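Remarks on the structure that follows.
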Amino acid sequence: MKQEVSYNGLKFEPYLTKEQIAKRVAELAKDIERDCAGKCPLFVCVLNGAFTFAADLFRAVDIDAEISFIRLKSYDGTGSTGKVKELVGLTEDIEGRDVIIIEDIVDTGNTMVKLIEDFKAKKPANVKVATLLYKPDSVRHDLQLDYVGFPIPSKFIIGYGLDLDGIARNLPDIYVLKETK
Ligand code: IMP
Ligand code: MG
């Protein structure tokens, strides 16, 4: 892992190593196996940010399951815009199904609240949420998160799928924005 990376003039320092992430993903996969065996859950990966986490989590879950993708956008630079745009929606019929939404990070919770509401209207048996990261101090809603990788402070992070205006998603580890002193 690099000691520092820099994008768009901003400096970032190490936060979570790929080994720490892999270990936690394996634990979450075991929890999902235990809860969802025999239900053939439909995982729904929220693009773009969750693609790396979804690929690792989905392969670690050793039960019959399906995966699909939706695409949303809410962030601009290092801050949430407060508005959630749906760029690509769900094509599957989820009525009666066990659905697990896979997110990279829950920040204000705006995205997740809207998604859960939209999904519940389609009458699934169950909607659960798996998020790699969660910022408890930023969340503005009463949200049930079923599988959480790491609760983190309300700082801007990049890597392992998470971006700064489209770049840095290919970093294998996670980095946090350095405080400017
Ligand atoms: P929310 O709607 O405020 O919860 O924001 C959710 C979305 O914002 C996530 O799916 C991410 O794509 C993006 N996001 C939130 N925090 C960060 C961050 O620290 N780095 C990169 N993207 C973030
Ligand atoms: Mg996202």
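Just so it is clear, the model here is predicted, and its values are computed rather than measured. Just so you know, ligand 1 is whichever comes first in the structure, and atom 1 is the first atom listed for that ligand. Basis for what follows: all heavy atoms, side chains included, without hydrogens, waters or symmetry-related copies.
- With respect to E92 and R97, no salt bridge is recorded, no charged nitrogen being found less than 4.0 Å from a carboxylate O.
- Partners of F58 according to the ring-ring contact (aromatic ring centres under 6.0 Å, His included) rule, which considers only residues two or more places apart in sequence or in another chain, are F43.
- Contacts of P172 classified as side-chain contact (heavy atoms from CB on, under 4.5 Å), with partners at least two apart in sequence or in another chain: K18.
- Heavy-atom separations between E103 and ligand 1 include at least one value shorter than 4.0 Å.
- A salt bridge links K114 with D118: at least one charged nitrogen is closer than 4.0 Å to a carboxylate oxygen.
- For ligand 1, the atoms closer than 4.0 angstrom to any heavy atom of K155 are 19 (O).
- Under 4.0 angstrom from ligand 1, the non-hydrogen atoms of L162 all belong to its side chain.
- Which parts of ligand 1 touch T111 is read off a 4.0 Å heavy-atom cut-off, strictly below it: atoms 1 (P), 2 (O), 5 (O), 6 (C).
- Looking at D163 next to ligand 1, no N or O pair under 3.5 Å apart turns up.
- Within the 4.0 Å heavy-atom criterion, the part of D104 lying near ligand 1 is the side chain and not the backbone.
- For the ligand labelled ligand 1, residue I158 lies outside the 4.0 Å heavy-atom shell.
- Not a single N or O atom of V106, backbone or side chain, sits closer than 3.5 Å to an N or O atom of ligand 1.
- Side-chain N or O atoms of T131 include none that pairs as donor or acceptor with a backbone N or O of Y134 at under 3.5 Å.
- Y7 and F12 have perpendicular rings, their planes meeting at more than 60° on a 0 to 90° scale where under 30° would count as parallel.
- Note: no N/O pair closer than 3.5 Å links F156 and ligand 1 by distance alone.
- In summary, E27 and K30 do not engage in a salt bridge, as defined by a charged side-chain N under 4.0 Å from a carboxylate O.
- In summary, the atoms of ligand 1 found under 4.0 Å from a heavy atom of N110, numbered by their order in the structure, are 2 (O), 4 (O).
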